[in-house]
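For reference, the structure is listed below as structure tokens.
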Amino acid sequence: MPGKVADFLLAAELDDAERAALDQGVTVRRGQGYTLRVSAVPSVHRALLAHCQPLDGAPSTPAIPAQRKARREYENRVNSLVADARR
């Protein structure tokens, strides 16, 4: 998961399974930012993805392009994870 998404989720109200997944994640430095490697079942990733929906922006809140891109990349990773699990 991109660092911008992880930073947003750390401040969000999450349930115990989601918080545990984030807490057990491993931080990997990537250039100027970082990636958080989270090992969790696809349903937890889907729940985390749902929590970061505000990063896409809302009518009252403008979206920041870097955060929107980070969320989209995470969504693509989760979708590929689920597609691989179905095979």
Side-chain angles (χ1 to χ4, degrees):
M1 131 181 349
K4 291 189 180 295
V5 173
D7 291 341
F8 178 80
L9 289 172
L10 288 174
E13 291 186 29
L14 305 173
D15 68 11
D16 294 337
E18 295 161 353
R19 181 64 59 194
L22 283 180
D23 290 344
Q24 294 173 1
V26 177
T27 302
V28 178
R29 297 292 304 167
R30 299 279 186 210
Q32 294 179 348
Y34 73 97
T35 298
L36 184 68
R37 293 192 183 196
V38 177
S39 297
V41 295
S43 61
V44 171
H45 282 288
R46 287 275 181 212
L48 291 172
L49 193 56
H51 283 292
C52 46
Q53 192 68 34
L55 294 178
D56 276 343
S60 61
T61 308
I64 298 171
Q67 290 177 337
R68 186 173 56 223
K69 180 180 179 186
R71 188 204 163 280
R72 191 173 57 242
E73 287 178 358
Y74 181 47
E75 182 177 28
N76 291 339
R77 291 177 192 169
V78 170
N79 289 339
S80 67
L81 173 71
V82 172
D84 288 344
R86 290 182 184 165
R87 292 182 188 174

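Residues take their numbers from the sequence shown, with the count starting at 1.
- Two different hydrophobic clusters hold Tyr74 and Val28 under the rule that ILVMFWY side chains link at heavy-atom gaps under 4.5 Å.
- One hydrophobic cluster holds both Leu10 and Leu14 under the rule that ILVMFWY side chains link at heavy-atom gaps under 4.5 Å.
- Side-chain contact between Leu9 and Glu18 is absent, with no heavy atoms from C-beta onward closer than 4.5 Å.
- Considering only residues two or more places apart in sequence or on other chains, Ala21 meets the side chain to side chain contact (heavy atoms under 4.5 Å, CB included) condition with Val38, Ala40, Val44.
- With hydrogens and angles disregarded, no donor-acceptor distance shorter than 3.5 Å links the side chain of Gln53 to the backbone of Ala50.
- Judged as a salt bridge (Lys or Arg N to Asp or Glu O under 4.0 Å), not a single pair has a partner in residues 30-43 (not counting sequence neighbours).
- Atom CD1 of Ile64 has 12 or fewer heavy atoms from other residues, nucleotides or ligands within 6.0 Å.
- Minimum heavy-atom separation, His51 to Phe8: O-CE2, 3.3 Å.
- Around CG of Asp16, the count of heavy atoms belonging to other residues, nucleotides or ligands within 6.0 Å does not exceed 12.
- Ala6 and Leu36 get closest at one heavy-atom pair: CB-CD2, 3.9 Å.
- Within the model, atoms CG of Leu81 and NE2 of His45 stand 6.0 Å from one another, a figure rounded to the nearest 0.5 Å.
- No side-chain heavy atom of Leu55 sits less than 4.5 Å from a side-chain heavy atom of Arg68.
- In terms of the side chain to side chain contact (heavy atoms under 4.5 Å, CB included) criterion, residue partners of Arg77 (sequence neighbours excluded) are, by chain and number, Pro2, Thr35, Glu73.
- Looking at Asn79 and Arg46, their side chains do bring a donor and an acceptor atom within 3.5 Å of each other.
- Pairing each heavy atom of Lys4 with each of Ala70, the nearest pair is CB-CB, 4.0 Å.
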